[in-house]
Amino acid sequence: MNERANKRLIIESHLRRAIEKNELFLVYQPQVELATGRIVGAEALLRWVSPELGAMSPGEFIPVAEETGIIQQIGDFVMESACRQARRWLDDEGASLHIAVNVSVRQFGAKQFVDNVRALLERTGLPVELLELELTESCIMDNVEDTLIKIRKLRELGIRLSVDDFGTGYSSMTYLKQLPVSQLKVDQSFVRGIPESGEDMEIVRAVLHLSQGLKLESLAEGVETVEQARFPAGEGCMIAQGYYFSRPVPVDEITALLRGRQRYTWQ
Ligand code: C2E
Ligand code: MG
Ligand code: MG
């Protein structure tokens with residue numbers, strides 16, 4: 001217990017200065033349209049390389065950022081950098097990529113969240129429909145009434161919303177049908193079970209059918225093999241993301257892919 005608490009304190013104290021010391025940066029993972037192999041989007045994923053602590057994974061430091069409130073500052077940094085980058089890809093490469101940004105519970109819960117996003121879009125000049133916010137099920141269900149209001153406002157602005165890690169939380173279908181989200185991301189824990197686990201395959205199929213029924217887009221996360229792309233594609237999944245296509249990579253690598261008009265021939 002003590003050791004864990006200690007580690008958290010150490011992470012916290014370094015994380016507070018990480019932004020000003022330029023230790024945080026984003027990598028991007030392509031999102032690939034299965035029918036064409038085109039890159040249609042990119043998810044921004046945060047990385048932190050601390051001179052004192054080494055490379056820290058978001059799984060380690062995001063929870064600390066959430067608990068301590070540092071997430072507000074970090075969230076602003078992520079959203080601003082990602083939108084600026086997407087705008088650059090549009091201007092320099094003529095590529096209109098959806099840029100997917102992860103939003104955590106506390107960040108989304110902030111009173112000024114919608115206003116912040118609106119101001120950010122104005123500041124960066126990113127066409128609103130290119131921004132996609134990823135919210136997890138637990139984030140959505142954390143305070144459903146507040147979520148509904150905010151999501152509707154964001155949709156009115158024209159922003160896309162995606163439910164991340166779908167299937168791992170406990171989404172209420174009652175709310176799901178009222179939520180104007182654009183996309184469900186099938187969680188990688190299920191995709192990983194293809195083809196060994198019949199149960200996982202059934203879950204993937206059910207989620208894909210649900211999303212078709214609700215007229216939502218669907219994306220399979222954590223696709224590592226050709227089977228893990230083929231099976232969802234056969235069940236109507238439109239987009240995939242995972243190491244099979246590309247790991248999350250630095251900005252320049254995405255730029256090079258866009259410049260080369262890269263298409264994945266995967267089937
Ligand atoms: P997530 O949003 O579900 O992101 C997907 C995670 O799966 C990423 O891990 C990505 O690197 C990893 N991944 C992608 N393809 C594959 C694959 O084929 N196989 C496997 N095994 N893994 C794959 P990462 O970058 O470590 O991020 C972990 C989580 O941390 C994210 O899960 C997200 O919840 C959170 N996170 C990352 N960046 C941010 C951020 O900027 N803000 C917030 N609030 N959370 C973030
Ligand atoms: Mg995500
Ligand atoms: Mg996910």
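Sequence positions, counted from 1, serve as the residue numbers for this chain. The analysis underlying the following values was restricted to heavy atoms, covering all of them including side chains, and did not include hydrogens, waters or symmetry mates. In listed order, ligands and their atoms are each counted from 1.
Rounding to the nearest 0.5 angstrom, the gap separating the CG atom in Asp146 from the CD1 atom in Ile151 is 10.0 Å. The line from NZ of Lys21 to NE2 of His14 is 6.5 Å long, rounded to the nearest 0.5 Å. The OG1 atom of Thr168 lies 5.0 Å from the CD atom of Glu137; values are rounded to the nearest 0.5 Å.
Residue contacts with ligand 1: Glu43 is included, with a non-hydrogen atom under 4.0 Å away. Under the 4.0 angstrom criterion for non-hydrogen atoms, Glu221 is in contact with ligand 1. Heavy atoms of Arg47 come nearer than 4.0 angstrom to ligand 1 in at least one pair. For Ser57, the closest heavy-atom approach to ligand 1 does not fall below 4.0 Å.
No side-chain heavy atom of Glu253 sits under 4.5 Å from any side-chain heavy atom of Tyr28. Proximity of Arg155 to Leu161: side-chain heavy atoms (C-beta onward) are separated by under 4.5 Å at one or more points. By the 4.5 Å heavy-atom criterion applied to side chains, Leu53 and Phe61 are not counted as neighbours. Val27 places none of its side-chain heavy atoms less than 4.5 Å from the side chain of Gln29.
Set against the non-hydrogen atoms of Glu224, the atoms of ligand 1 under 4.0 Å away are 17 (C), 18 (O), 19 (N), 20 (C), 21 (N). Residue Ser104 approaches ligand 1 through these ligand atoms, each under 4.0 Å from one of its heavy atoms: 44 (N). If you number the atoms of ligand 1 from 1 as listed, the ones under 4.0 Å from a heavy atom of Pro248 come out as 11 (O).
For the pair Glu43 and Lys185, the salt-bridge criterion is met [side-chain N within less than 4.0 Å of a carboxylate O]. The pair Glu202-Arg205 counts as a salt bridge, with a side-chain nitrogen and a carboxylate oxygen less than 4.0 angstrom apart. Arg118 has no carboxylate O lying under 4.0 Å from a charged side-chain N of Glu122, or vice versa, which leaves the two without a salt bridge. Taking the charged nitrogens against the carboxylate oxygens, Arg8 and Glu12 have no contact shorter than 4.0 Å, which rules out a salt bridge.
Note on the Mg ion (ligand 3): protein N, O or S atoms under 2.8 Å away count 4, no waters included.
In this structure, atom 34 (O) of ligand 1 has its sub-4.0 angstrom surroundings free of protein heavy atoms. Counting protein heavy atoms under 4.0 angstrom from atom 16 (C) of ligand 1 gives one or more. Checking atom 2 (O) of ligand 1 against the protein gives a heavy-atom contact under 4.0 Å.
Looking at Gln29 next to ligand 1, an N or O pair under 3.5 Å apart turns up. Taking distance alone, with nitrogen or oxygen atoms compared against 3.5 Å, Ala44 stays at or beyond that limit from ligand 1. Between Asp164 and ligand 1, an N or O atom pair is found at a separation short of 3.5 Å. Taking any N or O of Asp165, backbone or side chain, at least one lies under 3.5 Å from an N or O belonging to ligand 1.
By heavy-atom distance, the residue among Asp187, Leu46, Val101, Val223 lying nearest atom 41 (O) of ligand 1 is Leu46.
A pairwise comparison of heavy atoms in Gln107 and Asn102 identifies OE1-O, 4.2 Å as the closest pair.
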For residues 244-251, run the donor-acceptor check on the side chains, cut-off 3.5 Å, and write out each pair with its distance to 0.1 Å, sequence neighbours left out.
unit_1: Tyr244; atom_1: OH; unit_2: Trp266; atom_2: O; d: 3.2

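Within Glu43, OE2 is the N, O or S atom that lies nearest to the Mg ion (ligand 2).
For the side chain to side chain contact (heavy atoms under 4.5 Å, CB included) test with Phe166, the passing option among Leu176, Thr136, Val186, Val181 is Leu176; the others fail.
Here Asn102 has heavy atoms under 4.0 Å from ligand 1 in both its backbone and its side chain.
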